[in-house]
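Note that this is a predicted model, so its numbers are computed, not measured. Sequence lines set the chain letters: A, B, ... in the order given, protein chains first and strands last, and positions in each chain run from 1.
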Amino acid sequence: MNARPAGSEQPLPSPVRPSAGAIDPAAATWPRGGGPPSVEEARALQDLLAPRVRAQPVDVERVGLVAGLDVSYTEGRLVAAAVVLSAETLEVVDAATVATAPRFPYVPGLFAFRELPPLLDAIDRLGTAPDVFVCDGFGLAHPRRFGLACHLGVLLDRPTLGVGKTPFVGRAEPPGQQRGSWSPLVDGDEVVGRALRTRTGVKPVYVSIGHRIDLDSATELVLRTAPNYRIPEPVRHADRLSRDDPGA
DNA sequence: GCGACAG
DNA sequence: ATCTTGTCGC
């Protein structure tokens, strides 16, 4: 474990940012540098960055570290958590939290502008460099094809994917009851993700790619990291930490 | 125009 | 997201 208290003031060199091909996170979420963008600016920024998303296969067998990301809301505060697990053993090897005041309202479709800034800070505080990031929410399965997972992936230029608990855009037939079965999540004439059964007889999760991964690889990784519960372990841990960390 | 709408 | 008790089942 490498968690540092969320209040520490000293920015440490990040093993994740910057990286070649990455975008300046500040410019890509807070375009005017100071205050948050307007809703119109935020949407325009998504349209501007969406073309950078790339789908590509990932050798899931060789993924070593998987990060789970989540944010909780408490008493007007927002707590972002990043937890890193060994893909092999699913044991937690690193974690970090950050508590901040919300600086952007909850607007469906503009999630990233609310949750990404604190999540990026939490990621910066990690002492490890995850191979893949699993977000609580969506990636391509988004009105402008640029959900939180895509946004994070493009900013970091790293593989990311999103796992949602309820559908946002698109429609999917109920997948078979058996764990592992899935059905395409279709929006208009595009396949934007999958409804995936991670537990037999339990309602499916909705998987979509973020960046630098494809749907097959994302599906495989989600199944691999969710052997016992509906929600993948990395996200489960991040969810718990974001709510329980007293230091946050 | 109306309803729906990730967390 | 959060507000909230008990209950059925593996």
Side-chain angles (χ1 to χ4, degrees), chain A residues 29 36 39 42-43 45-46 49-50 53 67-83 97-122 133-154 160-172 177-179 185-188 190-211 215 218 222 226-232 234-245 248:
Chain A
T29 47
V39 165
R43 294 204 175 109
L45 197 47
Q46 291 180 327
L49 297 177
V53 169
L69 272 26
D70 196 17
V71 175
S72 68
Y73 302 76
T74 318
E75 299 158 358
R77 268 195 340 167
L78 183 161
V79 179
V83 180
T97 59
V98 166
T100 62
R103 290 186 292 168
F104 194 90
Y106 168 63
V107 181
L110 298 180
F111 234 46
F113 296 89
R114 183 173 174 82
E115 299 198 342
L116 214 42
L119 282 173
L120 287 166
D121 288 342
F133 293 82
V134 182
C135 301
D136 187 16
F138 289 104
L140 257 200
H142 176 276
R144 285 169 297 282
R145 305 293 181 261
F146 200 68
L148 175 67
C150 294
H151 207 139
L152 177 68
V154 167
T160 59
L161 64 97
V163 177
K165 295 180 281 293
T166 63
F168 182 30
V169 296
R171 270 196 43 202
Q177 290 299 311
Q178 289 303 308
R179 162 180 157 84
L185 178 61
V186 180
D187 187 32
E190 298 178 74
V191 173
V192 296
R194 283 175 186 171
L196 173 66
R197 197 84 67 177
T198 50
R199 288 203 71 183
T200 298
V202 175
K203 66 178 182 179
V205 295
Y206 299 85
V207 179
S208 58
I209 70 162
H211 186 49
L215 249 185
V222 168
N228 299 317
Y229 297 95
R230 181 168 88 112
I231 304 300
V235 176
R236 283 189 73 233
H237 281 284
D239 179 65
R240 248 181 13 84
L241 181 61
S242 71
R243 266 184 301 198
D244 299 349
D245 189 353

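The only option from R171(A), R145(A), H142(A) that meets the side-chain contact (heavy atoms from CB on, under 4.5 Å) definition with D187(A) turns out to be R145(A). Tested against S72(A), the residues D244(A), L78(A), V79(A), D245(A) include a single side-chain contact (heavy atoms from CB on, under 4.5 Å) partner, V79(A).
At least one side-chain nitrogen or oxygen of T166(A) sits closer than 4.0 Å to the OP1 or OP2 atom of dG7(B). The phosphate of dG7(B) (OP1 or OP2) has no side-chain N or O of Y73(A) nearer than 4.0 angstrom. In this model, the phosphate group of dT2(C) is approached by a side-chain N or O of R243(A) to a distance below 4.0 Å at OP1 or OP2.
Residue-level contact check: G109(A) touches the bases, meaning some heavy atom is under 4.0 Å from a base atom. As judged by a 4.0 angstrom heavy-atom cut-off over every strand, L119(A) is placed among residues making no nucleic acid contact. Across all strands, P167(A) comes closer than 4.0 Å only to sugar-phosphate atoms, never to a base (heavy-atom distances).
In this structure, the ring of F113(A) has its center less than 6.0 angstrom from the ring center of H151(A).
Distance, D136(A) CG to dG7(B) P: 6 Å, rounded to whole Å. Across the protein-nucleic acid pair, F138(A) atom CZ and dA6(B) atom P stand 8 Å apart, rounded to whole Å. As rounded to whole Å, 19 Å separates atom P of dA6(B) from atom CG of L69(A). Taking atom CG of residue D239(A) and atom C1' of nucleotide dA6(B), one finds them 14 Å apart after rounding to whole Å. When the P atom of dG7(B) is taken as reference, atom CG of L148(A) falls 11 Å away, rounded to whole Å. Rounded to a whole Å, the CZ atom of R114(A) is 11 Å from the P atom of dT2(C). Rounded to whole angstrom, the span from the CD atom of E75(A) across to the P atom of dC3(C) amounts to 9 Å. Atom pair Y206(A):OH and dC5(B):P shows a separation of 12 Å (rounding to whole Å applied).
Note on K165(A) versus D136(A): salt bridge recorded, some NZ/NE/NH1/NH2 to OD/OE distance being below 4.0 Å.
Using a 5.5 Å limit on the distance between ring centres and a 30° limit on the angle between planes, the aromatic ring of F111(A) does not count as stacked on the six-membered base ring of dG7(B).
Of the possible polar contacts, none joining the T160(A) side chain to the F133(A) backbone as a donor-acceptor pair under 3.5 Å is found.
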